[in-house]
Asks: 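Supplied in structure tokens, the structure appears directly below.
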Amino acid sequence: MRRAGKQLPRKFYDRPTLDVARDLLGKVLVHRRRGAVTSGAIVEVEAYIGESDPACHAAPGRTRRNEPLYGPPGHAYVYLNYGIHCLVNVVTEAHDSPAAVLIRALDPLNGVATMKRRRGRTVKTEGLCRGPGNLTMAMGITLAENRLDLLGDRLFIEDRGLKPGRIVWGPRIGISSGREHP
DNA sequence: AGCAAGATTAGC
DNA sequence: CTAATCTTGCTA
């Protein structure tokens, strides 16, 4: 199969979560489903690290849902939030070390028409993948993609040599506690 | 068994 | 600002 860029190696994810989060910016998330390919450059992420982070899903300890967080790095952790939206995370760090990077926004590259169809036609291209719930809808990512290996052929992240612009840190969005870590 | 809250979004 | 809607964790 021809790839526009090179797939990130397992090693990439097996590092401190903040480093992974920073390096993820500008990388390209690709999802292949039934032959349709959608992809977008990652432009906004959030890091959730460990049981000491009150906003992290691993905070209350290990549960059935957050179990992928404890697994090996380089896997997808997709979960249903508010019963409506699927949020996609990239699991980082070693086995038994729960940490992940939440992907909040993409810059659409391939499959824009497909994304628009999935979102309904009222959406502009720029708004297609803005917001964690919206981007999963546009990419067609659901609970079925939970625990997928990012080194597989279906869902993965590649480096197309894009240079991220200025990187900005800010408070994490949409949570009520644990805002002290940008 | 029942209840409240959550990494959200769309609509008034 | 509020509803929609599901999983989880706590309390009785």
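Here is the naming used below: chain letters follow the sequence lines, and residue numbers restart at 1 for every chain. Bear in mind the structure is a predicted one, so any value in this text is a computation, not a measurement. We use all heavy atoms of the structure for the numbers below, so side chains are in, but hydrogens, waters and symmetry mates are not.
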Asks: Using a heavy-atom cut-off of under 4.0 Å over every strand shown, decide if A/Leu80 touches base, sugar-phosphate, or nothing.
Replies: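 Counting heavy atoms under 4.0 Å across all strands, the contact made by A/Leu80 is with sugar-phosphate only.
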
Asks: Measuring from atom CG of A/Asp159 to atom CG of A/Leu24, what distance do you get when rounded to the nearest 0.5 angstrom?
Replies: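 Reported value, rounded in 0.5 Å steps: 10.5 Å.
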
Asks: Return the value, rounded to whole Å, for the distance between atom CG of A/Asn66 and atom P of C/dT7.
Replies: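 To the nearest whole Å, that distance equals 15 Å.
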
Asks: Base, sugar-phosphate, or nothing for A/Arg119, non-hydrogen atoms under 4.0 angstrom?
Replies: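 The residue A/Arg119 makes sugar-phosphate contact but no base contact.
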
Asks: Enumerate the residues from residues 69-76 of chain A whose closest heavy atom to DNA chain B is under 4.0 Å, giving them by residue number; use none for an empty result.
Replies: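 Correct list: empty, so none.
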
Asks: Measure from NZ or CZ of A/Arg154 to the centre of the six-membered ring of A/Phe156, then state whether that distance is under 6.0 Å and the direction lies within 45° of the axis.
Replies: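 Negative - A/Arg154 is either too far from the ring of A/Phe156 or too far off its axis.
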
Asks: Can we call the ring centroids of A/Tyr79 and A/His57 under 6.0 Å apart?
Replies: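 Ring-ring flag for A/Tyr79/A/His57: true, centres closer than 6.0 Å.
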
Asks: Rounding to a whole Å, what distance do you find between A/Tyr79:OH and C/dT8:C1'?
Replies: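 Value for this atom pair: 11 Å.
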
Asks: Whole-Å distance between C/dT8 P and A/Glu67 CD?
Replies: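 The answer, rounded to whole Å, is 12 Å.
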
Asks: What's the spacing between A/His75 NE2 and A/Asn146 CG if we round to 0.5 Å?
Replies: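 Reported value, rounded in 0.5 Å steps: 11.0 Å.
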
Asks: To the nearest Å, how far apart are A/Met137 CE and B/dT9 P?
Replies: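 Whole-Å distance recorded here is 9 Å.
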
Asks: At what distance, to the nearest 0.5 angstrom, does OG1 of A/Thr114 lie from NZ of A/Lys116?
Replies: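 These two atoms lie 11.0 Å from each other.
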
Asks: What parts of residues 85-96 of chain A reach DNA chain B, counting only heavy atoms under 4.0 Å away?
Replies: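 Residues of residues 85-96 of chain A under 4.0 Å from DNA chain B: A/His85, A/Leu87, A/Asn89.
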
Asks: Is there a Watson-Crick or G-U wobble partner for C/dT7 with both distances under 3.5 Å, and if so, which one is it?
Replies: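 By the stated definition (distances under 3.5 Å), B/dA5 pairs with C/dT7.
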
Asks: Considering only atom C1', compute the distance from C/dT7 to B/dA10 and round it to an integer number of Å.
Replies: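 These two C1' atoms come out 22 Å apart once rounded.
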
Asks: For A/Arg160, does the CZ atom have more than 12 heavy-atom neighbours from other residues, nucleotides or ligands under 6.0 Å away?
Replies: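 Yes, the 6.0 Å shell around CZ holds more than 12 heavy atoms from other groups.
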
Asks: Nearest 0.5 Å, what's the CG-CD distance between A/Asn89 and A/Glu46?
Replies: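 The distance works out to 9.5 Å.
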
Asks: In whole Å, what is the span from the CG atom of A/Leu143 to the P atom of C/dT8?
Replies: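 Taking atom P of C/dT8 as the reference, CG of A/Leu143 is at 10 Å.
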
Asks: B/dT9 phosphate, OP1 or OP2: any side-chain N/O from A/Arg130 under 4.0 angstrom?
Replies: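 A/Arg130 to B/dT9 OP1/OP2: no side-chain N or O under 4.0 Å.
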
Asks: Stacking here means centres under 5.5 Å and planes under 30°; does A/Tyr48 stack on B/dA7?
Replies: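 Taking the rule of under 5.5 Å and under 30°, the ring of A/Tyr48 does stack on B/dA7.
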
Asks: Report the distance from atom CG of A/Asp53 to atom C1' of B/dG6, rounded to the nearest whole Å.
Replies: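 Atom-to-atom, A/Asp53 to B/dG6, this comes out as 14 Å.
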
Asks: Rounded to the nearest Å, what distance is computed from the CG atom of residue A/Asn134 to the C1' atom of nucleotide B/dG11?
Replies: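 Answer to the nearest Å: 14 Å.
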
Asks: Here's one to test your reading of the geometry: is the NZ or CZ of A/Arg147 within 45 degrees of the ring axis of A/Tyr77 and under 6.0 Å from its centre?
Replies: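 No cation-pi geometry.
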
Asks: With rounding to the nearest 0.5 angstrom, report the SG to CZ distance, A/Cys129 to A/Arg104.
Replies: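 Going from SG on A/Cys129 over to CZ on A/Arg104, the span is 13.5 Å.
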
Asks: If I take atom CG from residue A/Asp107 and atom CG from residue A/Leu29, how far apart are they, to the nearest 0.5 angstrom?
Replies: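 These two atoms lie 12.5 Å from each other.
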
Asks: Does B/dA5 have its OP1 or OP2 closer than 4.0 Å to a side-chain nitrogen or oxygen of A/Asn81?
Replies: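 Answer is no, no contact under 4.0 Å.
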
Asks: In whole Å, I'd like the distance from the CG atom of A/Asn146 to the P atom of C/dT8.
Replies: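 The answer, rounded to whole Å, is 11 Å.
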
